[in-house]
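Just so we're clear, the structure is a prediction, and the values are computed from it rather than from any experiment.
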Amino acid sequence: MILRTHTCGELRESHINQPVSLNGWVNSYRDHGGLIFIDLRDRYGLTQLVFDKEDGAAQAILDNADKLRSEDCIGVSGTVRKRIGGENPKLPTGKIELVVTALEVFNKTANPPFLPDDYSALPNEELRLTHRYLDLRRPSMQKILSTRHHVYKTTRNYFDENGFLEVETPVLYKSTPEGAREFLVPCRNVPGTFYALPQSPQLFKQILMMSGCDRYMQICRCFRDEDPRADRQPEFTQIDLEMSFVRREQVMQMMEGFVRRLWKEIFNYDVPPLQRMSYRDALEHYGIDRPDTRYDLRIKDISETAAKTDFKVFKDALAKGADRPAFNSKRGVVKALRVPGGADKLTRKVTDGYAEFVKKFGAGGVAVVKVIKGEDGGPKLDTGIAKFLEPIKADFMAATGAQIGDTVLFLADVYAIATKAAGELRQQVARDMGLVPKHGEAGASGTAMTTPTGPWNFLWVIDFPMFEKNKETGKWVAMHHPFTAPRDDQRDLFVNADVNDDDTIESILSAGYDIVLNGSEIAGGSVRIHDPAVQGKVFALLGLTPEQAKEKFSFLLEALSYGAPPHAGVAFGLDRLVMHLCGTDNIRDVIPFPKTQIGADLMTKAPSSATDKQLKELHVASTWVPEARAEGSGPRAEG
RNA sequence: GGGGCGGUAGCUCAAUUGGUUAGAGUACCGGACUGUCGAUCCGGUGGUUGCGGGUUCGAGUCCCGUCCGCCUCGCCA
């Protein structure tokens, strides 16, 4: 076999007259009859090969060279020379070419379903996933693999330098069916029992703190059997951390340092100190717990002003839960979103669409008012609810800050719904108004997979509520997870709170913290409970009897009783970090072998059915009865 | 589980109100060509319009069902 002496991105003028060998794939061929050019590709770049009838040595292999096609895998030997036909400024190797004197075809390609280049239109994703090995050959995908590797390496370096131990935790784990749906693994040795795949190594890392580990990190795979999204996969990677003898401040410093290090390493970009925003402020002004602060649209609570109108929608909303404390989820509010310059850009058709849009989030609709120039040259309110607002125009203008040319959108409902709907609407409006910055230059392929340029709006969100009500069951659930501690100054309030006092329970803040980047949550963590009394109270609030708590978490409760250190931790979503660092908004781009929306791997055709023998050994029987299906109606009909 | 978009040649797409033999570019195959670089030029192969059913004189187009992919709500402690 012709073994390479160099890579395809390596040769320069300094190599002229040297004998070299290259291995790689035929990227393209230009056949002039007695003269053939091949661009040979490997992950490092492209090098032009020449086969020339007038070059004695090359003549002998010209017949073979003329059969070469894109994606053939070959090895060549020859001599480097300066290009005769002029340089190619697009290539780092563009000043030289390799005059080939020996050619070995390692593997002749079948006609590939698509060519892995970055300038022609991408084939549909189904095809890319089915032939992932071809898709991954594209330079942009190779770059993502490389960036991802760089993230692993920087992560291990940073945390190693800060005294963290990398420790592996089990993948076959105990089922604890709170939170996300789990993947179950039947146990052969104990009939009728199951492992679960971990949603995260949460309890193990806490146990590691109780084991004296002090500082733990792991780049670990996590599994959640929930429907995927553009930025979510059922199987994903977390940078998991836990620290002993710290409060939230120390963990936040450590996290911030990590982010700073990553962006410095990869972009030579200095992340400025992160602003901090409380959960309440995030919800008040952005309507979401992960605000995208790259654009300055703000939501305002104009309940006070709205109360002065005779508009029934406002009145009815404000009448709800009027006796409840401010910011209580059930108290009625009126939220306003001022859209500068919206009067022209947001057409009737668009704002009508918003009414439908917010219904997805439980809101009844959106009231719209445009601020236009009146006959007297002053502001005039136009459309919809203008007649209700005209009497309090001065108040309204002051409360919203509206100017001529603006559109103001209103949501009136209980706090939880109005806030969420306003937040979602804010993001939609930002897209419609063109306020969301492009994340780097768009690639010729139409995807965003190029070097991203920012802006990078990092943000801390802190002071989350400990608990929220599950809409279906009406029961309290932990907002982060049941091992999250209350903020230090909330501990006594929490321990002494009546579990039936909903308003107080809702008001208790946790010692949790998230890092948000451009509206995307990239990390989240909390100080953990190291006090059995606090942990017991949390379980009680979540409706677990002491017996149930013991059944599920006895190991944790026991460990907590044997000298548990104060500890805190965090997890970064590695896939999302890589998405930001690669400028893509598709998580499948940064996962080498991702799954589709039904959790299928189109390349290996997983999941697939098991044999009767396998099922019997595992003491498992399937209740699935395949329906009579039309032939050829798809993979589900197989097996 | 709900809503939306899509599926036509290997690939990317087109096909007027339901109307002639479903086209183009590219890839592939054959030929020409000695300085290209996303080579060029000439010729050619290539289609169960995802699958099943229905309406119709006639369906890529309309209707029903279904599969697959994407976006999204729910869900994601």
Side-chain angles (χ1 to χ4, degrees), chain A residues 27-39 46-55 58 62 67 69-71 83-91 93-94 97 109-115 117-131 134 176-182 199-200 202-203 222-234 236 356-357 359-362 420 424 444-446 467-468 470-472 476-484 521 524 526 538 542 573 585-586 588 596-598 600 602 627-638:
Chain A
N27 192 63
S28 60
Y29 61 95
R30 296 177 288 280
D31 186 346
H32 295 241
L35 175 69
I36 297 171
F37 299 101
I38 301 280
D39 288 341
L46 293 176
T47 299
Q48 174 163 289
L49 314 179
V50 193
F51 300 82
D52 190 343
K53 196 155 68 177
E54 293 176 2
D55 269 312
L62 203 65
K67 296 192 190 80
R69 292 294 177 271
S70 297
E71 301 314 311
R83 287 201 183 196
I84 294 171
E87 297 173 3
N88 183 348
K90 291 183 199 164
L91 298 179
T93 61
E97 61 191 10
T109 185
N111 189 17
F114 60 92
L115 292 177
D117 63 58
D118 280 323
Y119 42 76
S120 49
L122 282 176
N124 72 54
E125 199 164 355
E126 203 171 340
L127 199 70
R128 292 175 56 200
L129 293 175
T130 305
H131 303 276
L134 291 177
T176 54
E178 291 77 25
R181 189 182 299 116
E182 298 172 322
Q199 303 171 33
S200 86
Q202 180 60 35
L203 292 172
C222 302
F223 305 88
R224 294 180 190 172
D225 189 6
E226 301 290 351
D227 291 352
R229 288 284 187 278
D231 64 349
R232 233 164 64 186
Q233 281 270 296
F236 63 100
E356 279 307 305
F357 177 79
K359 282 178 187 168
K360 287 194 289 193
F361 310 101
K420 162 132 196 180
E424 296 291 341
S445 63
F467 304 99
E468 60 188 343
N470 180 296
K471 284 178 210 115
E472 280 174 29
W476 289 114
V477 293
M479 192 158 196
H480 187 47
H481 57 52
F483 318 106
T484 298
E521 181 191 327
S526 62
V538 170
L542 299 180
D585 51 13
N586 177 350
R588 294 177 301 280
T596 69
Q597 298 231 342
I598 59 167
L602 295 180
E627 292 163 40
R629 284 174 190 279
E631 274 180 47
S633 62
R636 285 269 176 93
E638 292 172 11

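Partners of D31(A) by salt bridge (charged side-chain N to carboxylate O under 4.0 Å, His left out), not counting sequence neighbours: none found. F37(A) meets the ring pair (Phe, Tyr, Trp, His ring centres under 6.0 Å) test with H32(A); sequence neighbours excluded. Remark: E54(A) engages no residue in a salt bridge (charged side-chain N to carboxylate O under 4.0 Å, His left out) (not counting sequence neighbours). For V477(A), the side chain to side chain contact (heavy atoms under 4.5 Å, CB included) partners two or more places apart in sequence, or in a different chain, are E468(A), N470(A). Legend: residues meeting side chain to side chain contact (heavy atoms under 4.5 Å, CB included) with P113(A), ordered by chain and number and at least two apart, are L127(A), H131(A), L134(A). For K360(A), the salt bridge (charged side-chain N to carboxylate O under 4.0 Å, His left out) test picks out no residue, with sequence neighbours left out. Qualifying side chain to side chain contact (heavy atoms under 4.5 Å, CB included) partners for S200(A), counting only residues two or more places apart in sequence or in other chains: Q202(A), C222(A), R224(A), Q238(A). Remark: E71(A) engages R41(A), R137(A) in a salt bridge (charged side-chain N to carboxylate O under 4.0 Å, His left out) (not counting sequence neighbours). Qualifying side chain to side chain contact (heavy atoms under 4.5 Å, CB included) partners for T484(A), counting only residues two or more places apart in sequence or in other chains: H480(A), H481(A), S510(A), S526(A).
For the C1' atoms, the distance from G47(B) to C28(B) is 16 Å, rounded to whole Å. Atom C1' of U12(B) sits at a distance of 28 Å from the matching atom of U17(B), rounded to the whole Å. Taking the C1' atom of each, G10(B) and G46(B) are spaced 9 Å apart, rounded to whole Å. Taking the C1' atom of each, G60(B) and U49(B) are spaced 5 Å apart, rounded to whole Å. Remark: the separation of the P atoms in G50(B) and G44(B) is 28 Å, to the nearest Å. Going from the P atom of U61(B) to that of U55(B) covers 15 Å, rounded to whole Å. Rounded to a whole angstrom, the distance from the C1' atom of C29(B) to that of U48(B) is 24 Å. Atom P of G23(B) sits at a distance of 13 Å from the matching atom of U45(B), rounded to the whole Å.
Annotation: of the two residues near RNA chain B, Q48(A) and L115(A), the 5′-most nearest-nucleotide partner is L115(A).
In this structure, L122(A) places its CG atom 17 Å from P of A27(B), rounding to the nearest Å. R128(A) has its CZ atom 12 Å from the C1' atom of C70(B), to the nearest Å. Taking atom CD of E71(A) as the reference point, atom C1' of G10(B) lies 14 Å away to the nearest angstrom. Distance CD1 (I36(A)) to C1' (C37(B)): 15 Å, rounded to an integer number of Å. If you measure from atom CG of N111(A) to atom P of U45(B), you get 17 Å, rounded to the nearest angstrom. C28(B) atom P lies 15 Å from atom CZ of F114(A), rounded to whole Å. A straight line from CG of N124(A) to C1' of G50(B) spans 12 Å, rounded to a whole angstrom. When rounded to the nearest whole Å, the span between CG of D52(A) and P of U34(B) equals 10 Å.
Searching all strands for a Watson-Crick or G-U wobble partner of G30(B) with both distances below 3.5 Å returns C42(B). In this structure, C75(B) forms no base pair with any nucleotide, since neither Watson-Crick nor G-U wobble geometry is met with both distances under 3.5 Å. Partner assigned to U16(B) is none, using Watson-Crick or G-U wobble distances below 3.5 angstrom. With a cut-off of 3.5 Å on both Watson-Crick or G-U wobble distances, the partner of C62(B) is given as G54(B).
The shortest distance between side-chain heavy atoms of E182(A) and F223(A) does not fall below 4.5 Å. Contact annotation: the side chain of N88(A) never approaches that of Q48(A) to less than 4.5 Å [non-hydrogen atoms, C-beta and beyond]. For the pair T596(A) and E125(A), the minimum side-chain heavy-atom distance is 4.5 Å or more.
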For a quick check, with a 4.0 angstrom heavy-atom cut-off, what is the B/S/- contact string for nucleotides 71-77 of chain B, read 5' to 3'? BBBBBBB

At under 4.0 Å between heavy atoms, which parts of nucleotides 3-8 of chain B does protein reach? Answer with one letter per nucleotide, 5' to 3': B base, S sugar-phosphate only, - none. ------

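E356(A) comes within 4.0 angstrom of nothing in the nucleic acid, heavy atoms only. Base engagement by F37(A) is indicated by at least one non-hydrogen atom pair under 4.0 Å involving a base atom. Residue L127(A) is classed as a sugar-phosphate contact, given heavy-atom separations below 4.0 Å to backbone atoms only. Using a 4.0 Å heavy-atom cutoff across all strands shown, L602(A) reaches sugar-phosphate atoms only and no base atom. Using a 4.0 Å heavy-atom criterion, one finds that G86(A) contacts the bases of the nucleic acid, with or without backbone contacts as well.
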Atom pairs under 3.5 Å: protein N/O with N/O of nucleotides 39-43 of chain B:
unit_1: A39(B); atom_1: OP2; unit_2: S28(A); atom_2: OG; d: 3.3
unit_1: A39(B); atom_1: OP2; unit_2: R30(A); atom_2: NH1; d: 3.1
unit_1: A39(B); atom_1: N6; unit_2: D31(A); atom_2: O; d: 2.6

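The base of C37(B) lies close enough to the side chain of N88(A) for a donor and an acceptor atom to sit less than 3.5 Å apart.
Side-chain proximity of R83(A) to C37(B), G35(B), G69(B): nearest is C37(B).
Phosphate contact (OP1/OP2 of G69(B), side-chain N/O of T596(A), threshold under 4.0 Å): present.
In this structure a side-chain-to-backbone donor-acceptor pair under 3.5 Å is missing from E226(A) to P234(A).
Between R232(A) and D227(A) there is no salt bridge, since none of the side-chain N atoms of the basic residue sits less than 4.0 Å from a carboxylate O of the acidic one.
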